[in-house]
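Note: hydrogens, waters and symmetry copies are ignored here, and every other heavy atom, side chains too, is used.
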Amino acid sequence: MASTSRTVAVFGAGYIGLVTGACFAELGHRVAVRDVQPERIRLLNSGDVPIYEPGLGELIAANKERLTFTLDAREALQDAEVAYICVDTPPTASGDADLSRVWAVIETLKGAPHLTAVVIKSTVPVGTGDRVRCALDDAGLAHVGYAANPEFTAEGKAVDDFLRPDRIVIGASDTATAQLITDLHDGVDGPVQTLSIASAEMVKLAANALLATKITFINEIATVCEATGADVEEVATAIGMDHRLGPHFLKAGLGYGGSCFPKDSRALRAMASNSGYPFQLLNSVIEVNDLQPRRAIQRLKTELGGIKGLRIALLGMTFKAGTDDLREAPSAVIAARLLAESAEVHCWDPMARPADVAPWNATVRHSTPGEAMIGADAAIVVTEWPELKTVDWSAAGRSMRRRVLFDGRNVLDPHAMASAGFTYMSVGRATVLPNAE
């Protein structure tokens, strides 16, 4: 726990804002979280958490004496020493980050001359800090320090990533502000790296682009494996044993998704293009990732002889297990393409809560994987939920019209699936035919 308790205002009650606020409260600070969505604040004040993140609800409940939630910016800023900006920065039509929510928060800070520091945790383009500094100066807040403190939390383990990070990156306008942000993290088990504001802004974009590149690389290798008879799982395991490379993010599948990798890779590409540099490697990464779920559909069409009028079960909808986040999920591309091909789409996911919009409003939702597969001509594993490993696949196969399964996350055992009577397709491995009965 931090040696000195501070008063912190957190703007944004999404994944990053709620984790930031709850973890700072866990460290002993007094935290007010402000959001502009009334329903979100109502839920939080009633004891409910509007998003699913393991451990977050328990952390908020355990620190409710130090945590408040409000729609009122002035209430959040009352007595606050530090204001954290944790709003989203979605992509614009050009791929640039939309900073309108950041500037809206900056505008509300004009009435808070008592602040000591303003900190942006949102992912922003390099150079944003200079513009924020000018805006604060113009607002009469020249005495207020500024820092970039990017987040490196992964959905599904964000609380642990905050409290036990690989590193804490702080880009600050002065040493006093850097020390203040360092002190705020007192009690966090991770090294602090202090650098320039521009470098801190670049770190987050570069890190996510590199992780996206690793995922895309192994998916490209998987495609070559399919053409040559190699097994991408064996290849990735051997590659990952090299200490220079490591095993992380070398899992072939349907491509990356979520709130960070797609947005940040496009934002970095746009930022580079705006500077006159065509980021060709990142262009390729984005292109390959966009094609990856479509390749799965094409392979399924080839196996089935077309999918018009067929019933397809989607097993998993969120972009990865351990979250309810559907942003940039490969499942949306797959569902939309199946529907465009006149297939009937049945879905299962234990956590997803899709809005009543396309493509989900044209699909049928089921409460169990087995239920989703009844009468299906094929099934696609889209998300690596652990529940799929406990499915009675023999029974599920008997309920289907055709026992065809495409494992888009390579989570199931090919030979076990063949024993259950399935034609088993996966990413970067040979198709396994059902065992003769």
Side-chain angles (χ1 to χ4, degrees), residues 1-4 6 8 10 12 15-29 31 53-56 59 82 84-86 89 97 117-129 145-215 240 243-250 256 258-261 263-265 267-268 271 322:
M1 184 169 290
S3 57
T4 302
R6 305 281 187 175
V8 181
V10 174
Y15 283 88
I16 303 307
L18 280 182
V19 170
T20 298
C23 288
F24 274 146
E26 174 71 8
L27 294 173
H29 303 298
V31 182
E53 181 63 40
L56 180 59
L59 202 64
V82 183
Y84 258 84
I85 300 176
C86 301
T89 53
V118 173
V119 187
I120 287 189
K121 189 166 279 292
S122 304
T123 304
V124 296
V126 178
T128 300
Y146 173 74
N149 177 213
E151 57 84 19
F152 300 98
T153 54
E155 290 184 38
K157 60 187 192 74
V159 170
D160 190 64
D161 283 346
F162 188 103
L163 296 174
R164 285 166 285 277
D166 293 326
R167 75 290 203 199
I168 302 165
V169 172
I170 301 171
S173 57
D174 56 83
T175 55
T177 301
Q179 188 59 53
L180 172 59
I181 307 308
T182 300
D183 293 344
L184 275 176
H185 290 83
D186 188 19
V188 172
D189 183 17
V192 175
Q193 183 184 21
T194 303
L195 55 168
S196 70
I197 292 172
S199 294
E201 292 168 338
M202 179 60 87
V203 168
K204 177 60 186 297
L205 292 170
N208 279 352
L210 182 55
L211 294 173
T213 299
K214 287 191 72 174
I215 294 170
H243 71 278
R244 298 168 300 173
L245 302 172
H248 304 296
F249 292 85
L250 288 177
Y256 59 77
S259 62
C260 290
F261 288 1
K263 172 180 70 70
D264 292 351
S265 59
L268 180 56
M271 190 178 73

task: Decide yes or no on side chain to side chain contact (heavy atoms under 4.5 Å, CB included) for Val10 and Val31, but give the supporting numbers first.
output: CA-CA 7 Å; Val10 174; Val31 182; 3.8 Å; yes
- prompt: What's the shortest heavy-atom distance between Ser173 and Ile197, and which atoms?
  reply: N-CD1, 3.8 Å
query: Would you call Asn208 and Ser265 a side-chain contact if the rule is heavy atoms closer than 4.5 Å?
result: no
query: Will you find, in the side chains of Glu155 and Ser259, an N or O donor that is under 3.5 Å from an N or O acceptor?
result: yes
Residue pair Val118, Ile85: steps toward the side chain to side chain contact (heavy atoms under 4.5 Å, CB included) verdict: CA-CA 8 Å; Val118 173; Ile85 300 176; 4.0 Å; yes
task: Report the distance from atom CZ of Arg167 to atom CZ of Phe152, rounding to the nearest 0.5 Å.
output: 4.5 Å
field: Distance-minimising heavy-atom pair for Ala209 and Leu268
entry: CB-CD2, 3.7 Å
Test item: Glu201 side-chain N/O and Val124 main-chain N/O as donor-acceptor pair under 3.5 Å: no
statement: In short, Thr194 meets Ala178 closest at the heavy-atom pair CG2-CB, 4.0 Å
field: With sequence neighbours excluded, residues passing salt bridge (charged side-chain N to carboxylate O under 4.0 Å, His left out) with Asp160
entry: Arg164
- request: Go through the steps to decide whether Phe249 and Thr213 satisfy the test side chain to side chain contact (heavy atoms under 4.5 Å, CB included), and finish with yes or no.
  value: CA-CA 9 Å; Phe249 292 85; Thr213 299; over 6 Å; no
statement: dist Lys204:NZ -> Asp264:CG (nearest 0.5 Å) comes out at 5.0 Å
field: Check: Arg6 and Asp183 side chains under 4.5 Å, non-hydrogen atoms
entry: yes
message: Measuring from atom CG of Leu184 to atom CD of Gln179, what distance do you get when rounded to the nearest 0.5 angstrom?
response: 10.5 Å
query: To the nearest 0.5 Å, what is the distance between CD1 (Ile168) and OG1 (Thr182)?
result: 7.5 Å
query: Does Lys121 use its side chain to pair, donor to acceptor, with the backbone of Tyr84 at less than 3.5 Å?
result: no
- prompt: Has Met202 got more than 12 heavy atoms of other residues, nucleotides or ligands less than 6.0 Å from its CE?
  reply: no
message: Can a donor-acceptor pair be found, under 3.5 Å and without considering hydrogens, that links the side chain of Glu53 to the backbone of Ala158?
response: yes
Closest heavy-atom pair and its distance - Leu59, Glu26: CD1-OE1, 3.4 Å
field: Smallest separation among heavy atoms of Ala200 and Leu195, with atom names
entry: N-CD1, 3.8 Å
message: Pair Thr123, Lys263 - check side chain to side chain contact (heavy atoms under 4.5 Å, CB included), show working.
response: CA-CA 10 Å; Thr123 304; Lys263 172 180 70 70; 3.9 Å; yes
message: Would you compute the distance between atom OG1 of Thr89 and atom CD1 of Ile120 and round it to the nearest 0.5 angstrom?
response: 9.5 Å
statement: Rounded to the nearest 0.5 Å, the CD1 atom of Ile170 sits from the CG atom of Asn149 at a distance of 5.5 Å
task: Heavy atoms only: give me the nearest Pro125-Leu205 pair and the separation to one decimal.
output: CA-CD1, 4.4 Å
- prompt: Relative to each other, are the rings of His185 and Phe162 parallel, tilted or perpendicular (30° and 60° limits)?
  reply: parallel
